Protein chains: 2
Amino acid sequence: MTTLTPATAADRTGVSIDTLRYYEREGLIGPIRRSAGGRRQYTEDDLFWIGLVTCFREAGLGITDLRGFVAILRAEHPPQDRVAFLRERRASLEQRVAALCRAMEVLDEKIAYYS
Amino acid sequence: MTTLTPATAADRTGVSIDTLRYYEREGLIGPIRRSAGGRRQYTEDDLFWIGLVTCFREAGLGITDLRGFVAILRAEHPPQDRVAFLRERRASLEQRVAALCRAMEVLDEKIAYYS
DNA sequence: CTCGTATCTGGAGCGCGCTCCAGGTCAAGA
DNA sequence: TCTTGACCTGGAGCGCGCTCCAGATACGAG
């Protein structure tokens, strides 16, 4: 199975090497497999997971939130706990969208005023 | 004209006194009128403006962004500049919404999977 | 084998957005 | 008048999310 160097993984994901190591330290990804000499070897699965993390980071979730997310998806929580957790997260994202929409309404109002 | 103490303004806006002073230092609000003794006297207009700032902060805009917003709305920029600026801001908010939607789609997928 | 580059680790540093603190001032009630 | 509490200022401190650094190690090219 082909693996990727940190540089390649960083390039493919758009996340810096330092940040990849930081995410790993924080338990958001990995632990990434190592070569005999200790160098990280990223797999395509790792990249996919990094993509998920990035997606949530871009949506504004904090590191702690993501740690919870990772824990839920990995650990042996009963399915209903997972669903409840995921719905909670979804609701908080909806609230963020609502806040954004309020701000956009204000902007639209100002735009209309100056147009 | 009736004015409000810092405590009341904080209470009415949901923004802490420290943060109100911080916003004022950063030029996001005010400058707030002072009493003879130097105490701040907030007006209803001030509260309205604080509400705007809060709205944008909740939408995730940074202090620097808001300073730009304030500058545009206050200063003598030509209307077309203002409109261009406001449209730019709106576009970046739309991108945030898009990022949130992507994250929500991932969540929905997981929710469906565990349901 | 040697060189040069990539990577490793632990820890320090940084920008943001507050938040808190010390030490002093103002003002309303007893 | 005296007390008490809200408020003032300047500046330090803090949590987050990286980002950078030093010094050591791995490893592919020549």
Side-chain angles (χ1 to χ4, degrees), chain A residues 2-43 46-47 49-70 92 96 99 103, chain B residues 2-43 46-47 49-70 92 96 99 103:
Chain A
T2 145
T3 58
L4 306 170
T5 65
T8 311
D11 198 52
R12 289 267 304 274
T13 59
V15 177
S16 79
I17 294 181
D18 272 327
T19 301
L20 285 176
R21 288 196 290 100
Y22 169 67
Y23 284 173
E24 192 177 350
R25 268 203 306 279
E26 296 297 321
L28 269 46
I29 61 174
I32 305 299
R33 199 153 56 95
R34 303 300 187 97
S35 72
R39 271 80 206 286
R40 273 170 258 261
Q41 298 175 316
Y42 294 87
T43 66
D46 290 331
L47 289 212
W49 185 262
I50 293 164
L52 280 186
V53 168
T54 303
C55 174
F56 287 119
R57 284 293 301 122
E58 284 171 355
L61 274 76
I63 301 301
T64 306
D65 290 334
L66 262 72
R67 216 156 19 212
F69 186 75
V70 170
S92 86
R96 284 169 197 262
Chain B
T2 144
T3 58
L4 306 170
T5 64
T8 311
D11 197 50
R12 289 268 304 272
T13 59
V15 177
S16 78
I17 293 181
D18 271 329
T19 301
L20 285 177
R21 289 195 291 100
Y22 170 67
Y23 284 173
E24 192 177 350
R25 268 203 306 280
E26 295 297 320
L28 270 47
I29 62 173
I32 305 297
R33 200 154 57 96
R34 303 302 186 95
S35 73
R39 273 80 205 286
R40 273 170 257 261
Q41 298 175 316
Y42 294 87
T43 66
D46 290 330
L47 289 211
W49 186 261
I50 293 165
L52 281 185
V53 168
T54 303
C55 173
F56 287 119
R57 283 292 302 123
E58 284 171 355
L61 274 77
I63 301 301
T64 306
D65 290 333
L66 261 70
R67 215 155 22 210
F69 185 76
V70 170
S92 85
R96 282 169 198 261

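Quick note on labels: first sequence line is chain A, next is B, and so on, each numbered from 1. These values consider heavy atoms only, across backbone and side chains, with no hydrogens, waters or symmetry-generated copies. Just so you know, these numbers come straight off a predicted model, no measurement behind them.
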To the nearest 0.5 Å, what is the distance between [atom1] on [X] and [atom2] on [Y]?
| X | Y | atom1 | atom2 | value |
| --- | --- | --- | --- | --- |
| R39(A) | R34(A) | CZ | CZ | 10.0 Å |
| R21(B) | I17(B) | CZ | CD1 | 8.0 Å |
| Q41(A) | T8(A) | CD | OG1 | 12.0 Å |
| D46(B) | E24(B) | CG | CD | 8.5 Å |

For a quick test of your reading: what N or O donor-acceptor pairs under 3.5 Å do the side chains of residues 49-63 of chain A make, sequence neighbours left out?
| from | atom 1 | to | atom 2 | distance (Å) |
| --- | --- | --- | --- | --- |
| W49(A) | NE1 | L28(A) | O | 2.6 |
| T54(A) | OG1 | I50(A) | O | 2.8 |
| R57(A) | NH1 | L61(A) | O | 2.4 |

Of the residues in residues 15-41 of chain A, which ones touch DNA chain C at a heavy-atom distance under 4.0 Å?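 When residues 15-41 of chain A is checked for heavy atoms under 4.0 Å from DNA chain C, the hits, listed by number, are I17(A), R21(A), R34(A), G38(A), R39(A), R40(A).
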Side-chain contact check for I63(A): nearest option of dC18(D), dC18(C), dT7(C) is dC18(D)
